[in-house]
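See structure below.
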2 protein chains.
Amino acid sequence: MTQTQPSSGFQQIDREGLVQRVAKLLSKAIISGKLAPGARLSESVVARELGVSRAPVREAARLLESSGLVRSEPNRGFFVRQVSIKALNDLYELRLAIETAVVERLVQNWNDEIEEALSAQVAELHRVATEEADIFTQVEADMQFHRLMCTGSDNPKFLQVFEQVAIETEFSIMLIGQLYDDPTRIAETHEPILEALRARDATKAVSAIRYHISEAQRIVIDQFRLLEEGKTST
Amino acid sequence: MTQTQPSSGFQQIDREGLVQRVAKLLSKAIISGKLAPGARLSESVVARELGVSRAPVREAARLLESSGLVRSEPNRGFFVRQVSIKALNDLYELRLAIETAVVERLVQNWNDEIEEALSAQVAELHRVATEEADIFTQVEADMQFHRLMCTGSDNPKFLQVFEQVAIETEFSIMLIGQLYDDPTRIAETHEPILEALRARDATKAVSAIRYHISEAQRIVIDQFRLLEEGKTST
DNA sequence: GAATTGTAGATTGTCGACAATTTACTTGAC
DNA sequence: GTCAAGTAAATTGTCGACAATCTACAATTC
């Protein structure tokens, strides 16, 4: 809780380190496929490309390493992690473990503020599904729903883990988004969770999140398998 | 899985970057209390102290940041995180979520190799309890049991999260170790888990781990509360 | 005297350069 | 032709230095 000056409505400017910006750029490049999986990411090349020195690039890479997007080998540098079917399965197993615990906590400390935020986010999901054509925006909105749940759990550690797997999660949601012809389906799949939470029914909430996640898991794996097959046969 | 040369039993020398060594040094300094919670850790001071430049110190600090031991503020540097009762509670909630999922997986892909490793580790726990007086060794052995479980779950992400909270976990186990007069108690508390796993009884295994962790949680919180009171009253 | 502004010292952020290590290629022996 | 050793280019690891930013204290104003 950084206390905000009550005064004039100025907007905070930038105020985010170069390292964070580089990290964001890099992760976008990876999930969008510009940087091929397994590819070495050369510090000097990236640094030159972005017009910065190598130091911030190195730190950004270390950041991404802890979020599992890149892997580092001593004296050999950083490499883009390749997502495999197993890795995606593992990711969803982790998400299931975390988000199950999150909804259990959410039922306990449910309040108007959280209800408001989650309801608004489901509405937002519907809005972007109908008004926005951009897939990326829709994915962002989906992520945000889950992030809000983690935030509302009042356990920063859950949020921390979520953010750490966020990029892979985003990547996987992107796969889902490409699958659904009707984007409103994405919005709809979140409603049972919210309803169970509203009713403060722990059992129902847990089974709702279990269903939601394993459904997503199934879709992502299927979609990914297709992608892989298409790649190898070419 | 780094493939090891099948040949002669040479021991790998050093081969771990300066960054990792600095990170290890720093974390030891923190959990041992040499660096007070909330204290700013100055890059230049640490660098001078260890006789290295600031670059590896910065990267090490970023590493510790992702493991939650230190917190960074832009343009203000790194600070030692203070452990609070809430933070410990949150930590155990996370561990419960993860390790519950881990034992469920362990029951599924149980095999002789895993059984061998875990049994040996319980034996080791007994050995260090009777033969070794050093608390740190005992704590290390306790950690190793849980680490082995994560490894055996065959989901690297679980292990990754475990390692990320490992230092705080270690810190908390240290508190437990100081509490038990009889160190063999630590070894004994792990046996029910191993037994349930051996029987491949998922329900029993989950309840065993739940009991084990919440018991540890209770003890740690109690112990920590005492520590805090002792500190404030002085 | 309290609050704001100004200034000096210290600390972090970023950079370019050099040393250590790895990689790719060439050369040579069998 | 294959394998080994040797060598040069490229890349990472580390460093010291300078710029940007923050902190603490002094000066100024009301």
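Just so it is clear: chains get the letters A, B, ... in the order the sequence lines come, proteins before strands, and each one is counted from 1.
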Between CZ of B/Phe79 and P of D/dC22 the distance, given in whole Å, is 12 Å
Atom CG of B/Leu18 and atom C1' of D/dT14 are separated, to the nearest Å, by 8 Å
Does atom CD of A/Glu73 have more than 12 heavy-atom neighbours from other groups under 6.0 Å away?
yes
Margin query: Do B/Phe158 and B/Glu99 make a side-chain contact, defined as non-hydrogen atoms from C-beta onward lying under 4.5 Å apart?
Written below: no
For A/Lys86, the side-chain hydrogen bond (donor to acceptor under 3.5 Å, both in side chains) test, sequence neighbours excluded, returns A/Asp90
Sorted by chain and number, sequence neighbours left out, salt bridge (Lys or Arg N to Asp or Glu O under 4.0 Å) with B/Arg127 holds for B/Glu124, B/Glu131
Quiz item: CD of A/Glu115: more than 12 outside heavy atoms within 6.0 angstrom?
Solution: yes
Check the interface with nucleotides 7-12 of chain C: list each N/O to N/O pair with the protein under 3.5 Å, or write none.
{"unit_1": "C/dT12", "atom_1": "OP2", "unit_2": "B/Glu43", "atom_2": "N", "d": "3.4"}

